[in-house]
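Computed from heavy atoms alone, side chains included, the values below leave out hydrogens, waters and symmetry copies. Chain letters run A, B, ... following the sequence lines, proteins first, then strands; residues in each count from 1.
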Amino acid sequence: MSAWVTSAWIRTQPPPSWCSTARCHCATRGQRSSRRRSRTGEGKRMSLPNTVRVRFAPSPTGMLHVGGLRSALFNWLFARHSGGTFILRIEDTDRKRYDPRALPDLLESLRWLGLDWDEGPEVGGEYGPYFQSQRTHLYGQYARQLLDSGDAYYCFCTSARQAGGNPEQTSHRGAATGYDRRCRTLDARAAAERVAEGESAVIRLKMPLEGRTTFHDLIRGDISVDNGIQDDVVLLKSDGYPTYHLANVVDDHLMRITHIMRADEWIATAPRHVQLYKALGWQMPAIAHLPVVLDPSGKGKMSKRKKVAADGRVLPVHVRDFREAGYLPEALFNFLALIGWHYDDHTELMTRQEIVDRFSIERINPAAAAFNYAKLDNFNGVYIRGLTVEELTDRLMPFVVRAGFHADRQTLLRITPLVRERMERLDQIAGLVDFFFAEQLADYDPLELIPKKADAAEACRLLASARELLAGVEPFDHDSIERALRGLAERLDVKAGQLFQPIRVAVCGRLVAPPLFGTLEVMGRECALKRIDQALGNLAALAPLAG
RNA sequence: GCCCUCAUCGUCUAGCGGUCUAGGACGUGGCCCUUUCAAGGCCAAAACACGGGUUCGAGUCCCGUUGAGGGCACCA
């Protein structure tokens, strides 16, 4: 006897003793009165019996995007929180849209975020195979069972006829626009013969025509739909592959899934799944429909199409894009957990373990949520600043290499502290440190060498004095440079900023740059003096009479 | 068109009938710090969609309206 507990048990029994804290999934909206917050022993994992089995079941039709990743994350969090099992199942039943690049991308993306699966591709498990394309015999078997029990029927209508051939069916009697059930009344034996003779057919579910189907959603409460408006969905396609509806039900049952957590967009078809479970004589798992992730504008769900920010930057939508844009997986993990879920009224920054410990279905907000890139950037900046110099340097290295800079780790290790507080994304490193690696500074406006309330001659005087001083500073490090330069400003009777601006522009080629003394130290005396000489030349050209 | 779902600052959210003159975060504006830019600190503006009920009392419960989102494939 397996340790699996049926959802009937979950739904009809009062929460058992091990379920007394508020964080357990057993508390649903309908049982709110019994819910109490308990913050004691937060760090300790409850020792639950291993009953929870959840799955993430993507279709390998393209690169994994954030919406999918969020669904995976919530399932993973629920599994890890409750000491359950997280299963990865590949729903590759659509041969037309199959993309061979999708699976590697999926596995890589999940691993990047740290979502490890207990059963699934590359790790196996006792309920495999975990690719639906390798389980087709099962679906055919259950489709036949449904045929035999009279809960399904063969349909010979062409997809063309269903798609456009029946305009009048769309309006009357409040019926959905779907299939008109033409083949539902065909004689079953006759239909079977036609199939035996090689005629192409699909198998459809015979939905009840009367009554309502009601199911309990863990996040939204009871949802109820008229049976009459649900059309008879295709269970098995003419190519012998199952549709999502059949495959999903069969596999969730066979794989002993206890909780289905899937995106909002499945609500509409859930009643069919309920009927399918009923027809098959199976107990349906508990179910929760996750709020969809909306486009940053809040209009429409996050699509896979490229998004462009106001500043022209292409916003990432695929998980791999986030990685390439320099988002830290731990930052995205934290941020994504907060789309549709919260812990309390003020805690947002949490470690992975804290989120696992605190996650609960009853704190999932049913409303759809827009994806706020600005906030993600902020989170990412916080996580970047939380890294040690060594860690950050190692993560920065690939981006520096990608930018084409010939940097060694030792040099980057010295640059990192200068830019750590100035980055929200790792890909911004290129624009921050380019002048360290450029042989020749990019052209800049020489007028920038001239501080406010000064002219070219004055700038020239300041820069020349600084050059002379820097040539002799020993050692050429942050503290000595600072002491020397501040002393010079005093002697010259100018404000520090007046003196530093020309130097900054001379050595960095721009007005905005990392802190000056550290920059000079890392850059080295030779390079700094060379650039100051060039700047002096630029100034002379600007005001030939000033010299 | 039909069905389903949802509805608190621009955005993510807290809120489980009185503790809400509605709290936090991002973003925005201002000030402080300061060699530029950041980071950090402080302050500010900013929301209960609307209309009816229920109740001594409603952001919180009910109904309706409106709005938004999702679905209506031999895709998942």
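- Salt-bridge formation is detected for the pair Arg212(A)/Asp226(A): a Lys NZ or Arg NE/NH1/NH2 atom is positioned less than 4.0 Å from an Asp or Glu carboxylate oxygen.
- For the OP1/OP2 pair of rA14(B) and a distance below 4.0 Å, the side-chain nitrogens and oxygens of Asn365(A) include at least one atom meeting the criterion.
- In this structure, the nucleotide among rU36(B), rG71(B), rU11(B) sitting nearest to the side chain of Lys301(A) is rG71(B).
- Using the six-membered ring where Trp is involved, Phe335(A) and Phe371(A) have ring planes that are perpendicular, over 60° apart on the 30 and 60° scheme.
- Between His342(A) and rA14(B) there is a side-chain N or O to OP1 or OP2 distance below 4.0 Å.
- With both ends at atom C1', the span from rC32(B) to rU21(B) equals 29 Å, rounded to whole Å.
- Seen from the ring of Tyr142(A), Arg144(A) does not count as a face-on cation partner, given the 6.0 Å and 45° thresholds.
- When atom types are taken as modelled, the side chain of Asn380(A) and the backbone of Leu328(A) share a donor-acceptor pair closer than 3.5 angstrom.
- rA25(B) and rU11(B) make up a base pair, with Watson-Crick or G-U wobble contacts both under 3.5 Å.
- As rounded to the nearest Å, rA49(B) and rA58(B) have P atoms that lie 16 Å from one another.
- Here rA76(B) is the nucleotide among rC3(B), rA76(B), rU5(B) with the atom lying nearest to any side-chain atom of Glu91(A).
- The base-pairing partner of rG18(B), taking Watson-Crick or G-U wobble contacts with both distances under 3.5 Å, is rC56(B).
- rU11(B) atom C1' lies 8 Å from atom NZ of Lys375(A), rounded to whole Å.
- For Ala370(A), the listed nucleotide lying nearest its side chain is rC12(B); candidates were rA76(B), rC12(B), rA39(B).
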Atom pairs, protein N/O to nucleotides 63-65 of chain B N/O, distance under 3.5 Å:
none

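- The pairing partner recorded for rG1(B) is rC72(B), the criterion being a Watson-Crick or G-U wobble arrangement whose two distances lie under 3.5 angstrom.
- Separation of the P atoms belonging to rG10(B) and rC50(B) is 13 Å when rounded to the nearest angstrom.
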Are Tyr277(A) and Val274(A) close enough, and set up right, to give a side chain to side chain contact (heavy atoms under 4.5 Å, CB included), and what steps lead you there?
CA-CA 5 Å; Tyr277(A) 276 100; Val274(A) 173; 5.9 Å; no
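- Distance noted for atom C1' between rA68(B) and rC61(B): 23 Å (whole Å).
- For the C1' atoms, the distance linking rA47(B) with rG27(B) amounts to 15 Å, nearest Å.
- Looking only at atom types and distance, the side chain of Asp217(A) has a donor-acceptor partner in the side chain of His289(A) under 3.5 Å away.
- The nearest whole Å value for the distance from the CZ atom in Arg220(A) to the C1' atom in rG69(B) is 10 Å.
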For every nucleotide of nucleotides 40-49 of chain B, 5' to 3': is a protein heavy atom under 4.0 Å from its base (B), only from its sugar-phosphate (S), or from neither (-)?
S---------
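- Ranking rC4(B), rU11(B), rC74(B) by closeness to the Lys96(A) side chain, first place goes to rC74(B).
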Between the protein and nucleotides 30-35 of chain B, are there any N/O to N/O pairs under 3.5 Å, and if so, what are the atom names and distances?
| from | atom 1 | to | atom 2 | distance (Å) |
| --- | --- | --- | --- | --- |
| rU35(B) | OP1 | Arg486(A) | NH1 | 3.0 |
| rU35(B) | OP1 | Arg486(A) | NH2 | 2.9 |
| rU35(B) | O2' | Arg504(A) | NH2 | 3.2 |
| rU35(B) | O2 | Arg504(A) | NH2 | 2.2 |

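- A side-chain N or O of Asn227(A) and one of Thr213(A) form a donor-acceptor pair less than 3.5 Å apart.
- Each of Gly298(A) and Thr243(A) has a nearest nucleotide on RNA chain B; the 5'-most of these lies closest to Gly298(A).
- Asn378(A) comes within 4.0 angstrom of sugar-phosphate atoms only, judged by non-hydrogen atoms across all strands, and of no base.
- Checking Asp251(A) against Tyr130(A) by side-chain atom types alone, no donor-acceptor pair falls below 3.5 Å.
- Where Glu348(A) and Ser297(A) each meet RNA chain B at their nearest nucleotide, the meeting point lying more 5' is that of Ser297(A).
- rC6(B) is paired with rG67(B) under the criterion used here, namely a Watson-Crick or G-U wobble arrangement in which both key atom distances are under 3.5 Å.
- Under the 3.5 Å distance criterion, the side-chain polar atoms of Asp477(A) are matched with a main-chain donor or acceptor of Ser480(A).
- Note on Ile267(A): only backbone sugar-phosphate atoms sit closer than 4.0 angstrom, heavy atoms only; bases stay farther off.
- Rounded to whole Å, the distance from CG on Leu290(A) to P on rG71(B) is 15 Å.
- At a cut-off of 3.5 Å, with distance as the only test, a side-chain donor of Ser133(A) or Asp92(A) sits close to an acceptor on the other residue.
- Partner Phe74(A) forms a ring-ring contact (aromatic ring centres under 6.0 Å, His included) with one of Phe56(A), Phe359(A), Trp341(A) and no other, that one being Phe359(A).
- Distance from the side chain of Ala374(A) is smallest to rC26(B) among rC26(B), rA39(B), rC16(B).
- For Arg89(A) and Phe131(A), the positive end is not near the middle of the six-membered ring at less than 6.0 Å and at most 45° from its axis.
- Residue-level contact check: Lys495(A) touches neither bases nor backbone, having no heavy atom under 4.0 Å from any strand.
- The pair Arg272(A)-Asp232(A) fails the salt-bridge criterion, with no side-chain N (NZ, NE, NH1 or NH2) lying under 4.0 Å from an Asp/Glu carboxylate O.
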Let me see the working for Lys237(A) and Ile203(A) under side chain to side chain contact (heavy atoms under 4.5 Å, CB included), right down to the final yes or no.
CA-CA 7 Å; Lys237(A) 306 181 225 176; Ile203(A) 295 177; over 6 Å; no
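- Side-chain N/O atoms of Arg204(A) include one lying less than 4.0 angstrom from OP1 or OP2 on rC74(B).
- Taking the P atoms as reference points, rC20(B) lies 23 Å from rU13(B), given to the whole Å.
- Within the nucleic acid shown, Ala367(A) comes within 4.0 Å of sugar-phosphate atoms alone, with no base atom in reach, counting heavy atoms only.
- rC75(B) and rC16(B) are spaced 47 Å apart, taking the P atom of each and rounding to whole Å.
- Closest contact between the side chain of Glu265(A) and the listed nucleotides rA14(B), rG27(B), rA76(B) involves rA76(B).
- Using a 4.0 Å heavy-atom criterion, one finds that Gly340(A) contacts the sugar-phosphate atoms exclusively.
- Of all nucleotides listed (rG27(B), rA7(B), rC74(B)), rA7(B) comes nearest to the side chain of Pro366(A).
- A side-chain N or O of Asn334(A) and one of Tyr383(A) form a donor-acceptor pair less than 3.5 Å apart.
- At a cut-off of 3.5 Å, with distance as the only test, a side-chain donor of His342(A) or Arg363(A) sits close to an acceptor on the other residue.
- Residue Lys237(A) places at least one side-chain N or O closer than 4.0 Å to OP1 or OP2 of rA76(B).
- Nucleic acid contact class of Pro60(A) (heavy atoms, under 4.0 Å, all strands): none.
- Base pairing of rC33(B) is not made with any nucleotide, judged by Watson-Crick or G-U wobble geometry with both donor-acceptor distances under 3.5 Å.
- Asp377(A) places its CG atom 18 Å from the P atom of rU11(B), with the value rounded to the nearest Å.
- With rC4(B), rC75(B), rG70(B) as the candidates, the nucleotide lying closest to the side chain of Asp94(A) is rC75(B).
- Thr61(A) comes within 4.0 angstrom of nothing in the nucleic acid, heavy atoms only.
- The gap from the P atom of rC6(B) to that of rG52(B) amounts to 24 Å, rounded to the nearest Å.
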